Amino acid sequence: MPGLRPCGETGLLVELAHDDDVLGAYFALASSVPPGVTDLVPAQRTVLVTFDPTLTTAEAVAAWAWSTPPRAAGAAPGRTVEIPVAYDGEDLAEVAAAAGLTVEDVVRLHSATEFRAAFCGFAPGFAYLRGLPEQLHLPRRPTPRTRVPGGAVAIAGEYSAVYPGPSPGGWHLLGTSPTLMWDLTRRPPGLVQPGDAVRFMATG
């Protein structure tokens, strides 16, 4: 592991050099969790490890994290989740113009891509999906919307995502999906978990 940093009295932050290394490190750690480690949370370039100090020590957790080699890229397990989407987003034409593409090109590129859920955050059920074709890499909108509807399928930077519920947001809206991304009656409640492959199925 390239970097370890204390995170409060019950946490340790594993820092990775590249975004691509996070899932490999996360799944390697998850496959060998020692007693006392309570949670693993992947993010863009880190994995947060939390532990119970009555059961283990920060030094023991650090030694375990340091000695656990990450899995090879592409070896991370995961399901494939298909999400239907109507490409009716209000930013679709603007995205196409900014990318120098047609609307049909944008829809084709987005719906033909197999994304990979890198991590979850921002809101419950909000999964950051990597794999967006480079032609569609755009910065966030200069002025965020005060309300993005739940089910909005969006892109920003190198990511795509589905807003699980109404919230402010600065991503570009490509379409809408009826799929529930967060459902407390489901176990786990989040439809997409880190490592899952995601495909968007165009319905209109």
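Just so you know, these numbers use all the heavy atoms, side chains as well, and skip hydrogens, waters and symmetry mates. Just so we're clear, the structure is a prediction, and the values are computed from it rather than from any experiment. Counting begins at 1 with the first residue of the sequence.
- Under the side chain to side chain donor-acceptor pair (under 3.5 Å) criterion, Ser177 pairs with Thr179, sequence neighbours left out.
- In this view, Gln44 and Tyr159 satisfy the side chain to side chain donor-acceptor pair (under 3.5 Å) rule, not counting sequence neighbours.
- Screening residues 143-152 for side-chain hydrogen bond (donor to acceptor under 3.5 Å, both in side chains) gives Glu90-Arg145, Asp91-Arg145 as the qualifying pairs, with residues at least two apart or on separate chains.
- Among residues at least two apart or in separate chains, salt bridge (Lys or Arg N to Asp or Glu O under 4.0 Å) pairs with a member in residues 191-201 are Arg79-Asp196, Glu114-Arg199.
- Scored by the side chain to side chain contact (heavy atoms under 4.5 Å, CB included) test, Ser32 finds Trp64, Thr68 as partners (sequence neighbours excluded).
- Considering only heavy atoms from C-beta on, Leu191 stays 4.5 Å or farther from Trp182 through its side chain.
- Of the possible polar contacts, none joining the Arg5 side chain to the Leu13 backbone as a donor-acceptor pair under 3.5 Å is found.
- In this view, Thr113 and Phe115, Pro133 satisfy the side chain to side chain contact (heavy atoms under 4.5 Å, CB included) rule, not counting sequence neighbours.
- Side-chain contact between Met201 and Ser111: absent, with no pair of heavy atoms (C-beta onward) separated by less than 4.5 Å.
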Which atom pairs, donor and acceptor, lie under 3.5 Å between side-chain atoms of residues 119-132 and protein residues at least two apart or in another chain?
{"unit_1": "Arg130", "atom_1": "NE", "unit_2": "Glu158", "atom_2": "OE1", "d": "3.4"}
{"unit_1": "Arg130", "atom_1": "NH1", "unit_2": "Asp20", "atom_2": "OD1", "d": "2.6"}
{"unit_1": "Arg130", "atom_1": "NH2", "unit_2": "Asp20", "atom_2": "OD1", "d": "3.1"}
{"unit_1": "Arg130", "atom_1": "NH2", "unit_2": "Glu158", "atom_2": "OE1", "d": "3.2"}

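- Annotation for Leu136 and Ala99: closest pair CD2-CB, 4.4 Å, computed over non-hydrogen atoms.
- Between Thr203 and Val85, every side-chain heavy-atom pair lies at or beyond the 4.5 Å cut-off.
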Donor-acceptor contacts under 3.5 Å from residues 45-59 side chains, at least two apart:
{"unit_1": "Arg45", "atom_1": "NE", "unit_2": "Asp19", "atom_2": "OD1", "d": "2.7"}
{"unit_1": "Thr50", "atom_1": "OG1", "unit_2": "Thr38", "atom_2": "OG1", "d": "2.8"}
{"unit_1": "Thr50", "atom_1": "OG1", "unit_2": "Asp39", "atom_2": "N", "d": "3.2"}
{"unit_1": "Asp52", "atom_1": "OD1", "unit_2": "Thr54", "atom_2": "N", "d": "2.9"}
{"unit_1": "Asp52", "atom_1": "OD1", "unit_2": "Thr54", "atom_2": "OG1", "d": "2.7"}
{"unit_1": "Asp52", "atom_1": "OD2", "unit_2": "Thr54", "atom_2": "OG1", "d": "3.3"}
{"unit_1": "Thr57", "atom_1": "OG1", "unit_2": "Ala60", "atom_2": "N", "d": "3.0"}

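- Residue pairs meeting the salt bridge (Lys or Arg N to Asp or Glu O under 4.0 Å) criterion with at least one member in residues 99-112, sequence neighbours excluded: Asp105-Arg108.
- For Leu92, the side chain to side chain contact (heavy atoms under 4.5 Å, CB included) test picks out Tyr87, Val103, Val106, Val107, Leu174, with sequence neighbours left out.
- Hydrophobic clustering (side-chain heavy atoms under 4.5 Å, transitive across Ile, Leu, Val, Met, Phe, Trp, Tyr) groups Val33 together with Leu23.
- The side chain to side chain contact (heavy atoms under 4.5 Å, CB included) check on Ala30 picks up Leu40, with sequence neighbours excluded.
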